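What follows is one structure encoded as structure tokens, with my remarks underneath.
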Amino acid sequence: MSVFIENKKEQSVKKRKCLLKNKKIRILSIFGTRPEAIKMAPLIKELEKDEEIESLVCITAQHREMLDQVIDTFHIPVDIDLNVMTEGQTLTDITTKILIGLSQALDTLRPDMVLVHGDTTTSFVASLAAFYKQIRVGHVEAGLRTYNKYEPFPEEINRKLTGVIADIHFTPTKSSKNNLLQENISKNNIFVTGNTIIDVLKTTIEKDYIFDEKVLNSIDYNKKIIVVTAHRRENLGEPLKKICFSLKDIKELYRDVEIIYAVHKNPDVMKVVIEILGNVKGVYLVPALSLKDMHNLLNLSYLVLTDSGGLQEEVPSLGKPVLVLRNVTERPEGIESGALKLVGTDRQNIVENVSFLLENDTMYKNMVTTRNPFGDGYASIRIVEAIKFFFGITNKCIKEYL
């Protein structure tokens, strides 16, 4: 079921349409990290296909190598690359460099609207830069909240500040829409579209897939495979150590289980993971994987342990339980559906919850959902239609995907 709305030729819509003067809507997508790029890729492809839209792309390269992998995979044309990444950069460094760079980029490209995604520093600063130029802002994956400004850090404040600036909000679920309504965002400016990450899965999962990461081709996927990612700032240090020791415990308890840990390139992550798990037989430490490698590995897994936000959204579509290595999540829909379970970083708690799922078929089946609460694979199409509706190019669009 979907809820449609129609324009009533309000004065603000007339003004927006008049400003376009029969030219294409110029939409500038700005992103800087690998997760943003993955989630923006299907939307950019939809923007490119629409004859009434001119799609432009600016990357900040807040992350460099991992971002470039996604750009290449989806063949995304880049109009401006700020290339801000430097070794050891701080949040202050990133913020100031992006703000200065985007000021010049916006003057050069002169978009009608800037699109940002989610909760990165790039997203917040790009919104601020657009505001300073009085350019409209569209926020993709809007409305996620934990209401704890330090978990996740700095993402919770980034997305809240972006939400204050944004003119139009594309929320993945009704729950995220309700968060914005409680913050006095006008319901007329909120569109429930689903999450674009689900759109991506339609293009990446392949039968009889051959991995680029060679070691993954040698693993027996008839065994129960546990896939792990853990790298968030709030988990660095002692929490990450406890996660790693819990994985070591699990491997000692279950000899037939294989654990594959995709290790983030952050030196603070690599040092701890290698020190604790580097010599544990049956634990495979692989570098951060390409998008297709990761999606196909997840598809072959039995269970996923992660502190990633994106994996919380993707994995339910693949029918795998997810244990979330965090104390809070801004994706309560997954918890409510039963596909996700918060287990934190306590060593014993992680081991117990993994053991339940390995030994209890009923509990395992209860966590495997047939309907992903985060989307159906058509979010990007809905967002493009909502943008055209906002500018008065079309008179009807889906207001809420249910």
Side-chain angles (χ1 to χ4, degrees), residues 2-7 13 16 20 24-31 35-58 70 74 76 111-120 123 126-127 130 135-144 159 162-163 165-177 179-180 185-203 310 313-314 317 372-402:
S2 297
V3 178
F4 287 83
I5 57 170
E6 295 187 37
N7 272 330
V13 174
R16 288 195 292 269
L20 294 173
K24 291 183 177 183
I25 312 169
R26 180 171 284 189
I27 304 296
L28 174 62
S29 300
I30 304 176
F31 53 91
E36 285 173 285
I38 292 171
K39 292 183 175 184
M40 288 296 280
L43 175 54
I44 290 169
K45 291 303 172 185
E46 286 299 324
L47 291 167
E48 289 174 352
K49 290 191 294 187
D50 197 293
E51 294 181 353
E52 294 175 301
I53 291 174
E54 180 184 2
S55 175
L56 301 169
V57 173
C58 172
V70 181
F74 288 97
I76 297 173
D112 298 301
M113 175 177 281
V114 161
L115 287 182
V116 298
H117 184 281
D119 53 21
T120 68
S123 297
S127 301
I135 297 169
R136 294 176 182 84
V137 175
H139 189 192
V140 181
E141 197 183 270
L144 279 64
R159 58 186 168 227
T162 301
I165 295 171
D167 299 277
I168 183 170
H169 310 257
F170 308 109
T171 70
T173 66
K174 289 187 71 173
S175 177
S176 45
K177 172 190 175 181
N179 290 338
L180 294 178
I185 301 295
S186 170
K187 65 180 181 179
N188 296 326
N189 296 335
I190 305 172
F191 296 79
V192 182
T193 61
N195 198 301
T196 57
I197 191 62
I198 313 305
D199 303 12
V200 179
L201 290 172
K202 295 187 295 186
T203 67
E313 298 156 346
E314 296 168 284
S317 283
N372 190 330
F374 299 108
D376 62 353
Y378 297 96
S380 299
I381 293 173
R382 295 189 185 102
I383 291 171
V384 171
E385 288 303 307
I387 291 171
K388 293 168 67 175
F389 179 84
F390 178 84
F391 280 101
I393 302 303
T394 183
N395 289 322
K396 189 176 183 179
C397 78
I398 293 177
K399 182 66 174 174
E400 288 187 8
Y401 149 74
L402 302 174

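In this text, all values refer to a predicted model and were calculated from it rather than measured experimentally.
By the side chain to side chain donor-acceptor pair (under 3.5 Å) test, Glu314 pairs with His295, sequence neighbours left out. Residues satisfying the side chain to side chain contact (heavy atoms under 4.5 Å, CB included) test with Ala166, not counting sequence neighbours, are Val137, His139, His169. Shown here are the side chain to side chain donor-acceptor pair (under 3.5 Å) partners of Ser176, two or more places apart in sequence or in another chain: Thr173. In this structure Asp376 satisfies the side chain to side chain donor-acceptor pair (under 3.5 Å) test together with Arg382, sequence neighbours excluded. Applying the salt bridge (charged side-chain N to carboxylate O under 4.0 Å, His left out) criterion to Asp199, with sequence neighbours excluded, gives no partner residue. Contacts of Lys49 classified as side chain to side chain donor-acceptor pair (under 3.5 Å), with partners at least two apart in sequence or in another chain: Glu46.
At a threshold of 4.5 Å between non-hydrogen side-chain atoms, the residues Ile53 and Lys388 count as touching. Here the side chains of Leu115 and Ile387 are in contact, with some heavy-atom distance below 4.5 Å. With contacts defined as side-chain heavy-atom distances shorter than 4.5 Å, the pair Pro35/Ile38 does not qualify. Inter-residue side-chain proximity for Leu28 and Ile135 is flagged as unmet; no heavy-atom pair is nearer than 4.5 Å. Proximity of Thr196 to Glu141: side-chain heavy atoms (C-beta onward) are nowhere separated by under 4.5 Å. A heavy-atom distance below 4.5 Å is not found between the side chains of Met40 and Ile76. The shortest side-chain heavy-atom distance between Lys39 and Val200 does not fall under the 4.5 Å cut-off. Using a 4.5 Å heavy-atom threshold, the side chains of Ile197 and Phe374 count as separate.
Across all non-hydrogen atoms, the minimal contact from Ala379 to Gly194 is CB-O, 3.4 Å. Closest heavy-atom contact between Ala142 and Pro172: O-CD, 3.5 Å. Of all heavy-atom pairs between Asp119 and Arg159, the closest is OD2-NH1, 2.9 Å.
Side chain of Lys202 to main chain of Gly377: a donor-acceptor pair is present (N/O by atom type, distance under 3.5 Å, no hydrogens or angles). Judged by distance alone, with hydrogens and angles left aside, the side-chain atoms of Asn179 form a donor-acceptor pair with the main-chain N or O of Gly143 at under 3.5 Å. In this structure, Lys399 contributes its side chain and Asn188 its backbone to a donor-acceptor pair below 3.5 Å.
Atoms CG and OG, from Asp167 and Ser186 in turn, are 11.5 Å apart once rounded to the nearest 0.5 Å. One distance of note links CG of Asn372 with CD of Glu313; it measures 8.5 Å at 0.5 Å rounding. Between atom CD1 of residue Ile383 and atom CD1 of residue Ile398 there is a gap of 12.0 Å, rounded to the nearest 0.5 Å. To the nearest 0.5 angstrom, Asp50 atom CG is 8.5 Å from Lys24 atom NZ. Taken from OG1 in Thr193 to CD1 in Ile381, the straight-line distance is 11.5 Å, to the nearest 0.5 Å. To the nearest 0.5 Å, the span separating CD1 on Ile165 from CZ on Arg136 amounts to 15.5 Å.
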Please step through side chain to side chain contact (heavy atoms under 4.5 Å, CB included) for the pair Phe391 and Glu52, ending with a clear verdict. CA-CA 11 Å; Phe391 280 101; Glu52 294 175 301; over 6 Å; no
Take Ser29 and Leu43 through the test side chain to side chain contact (heavy atoms under 4.5 Å, CB included) and record every step on the way to the result. CA-CA 9 Å; Ser29 300; Leu43 175 54; 5.7 Å; no
The test is side chain to side chain contact (heavy atoms under 4.5 Å, CB included); show your working for Phe74 and Ile44 and say whether it passes. CA-CA 10 Å; Phe74 288 97; Ile44 290 169; over 6 Å; no
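The aromatic rings of Phe170 and Phe191 lie tilted to each other, with the angle between the two planes from 30° to 60°.
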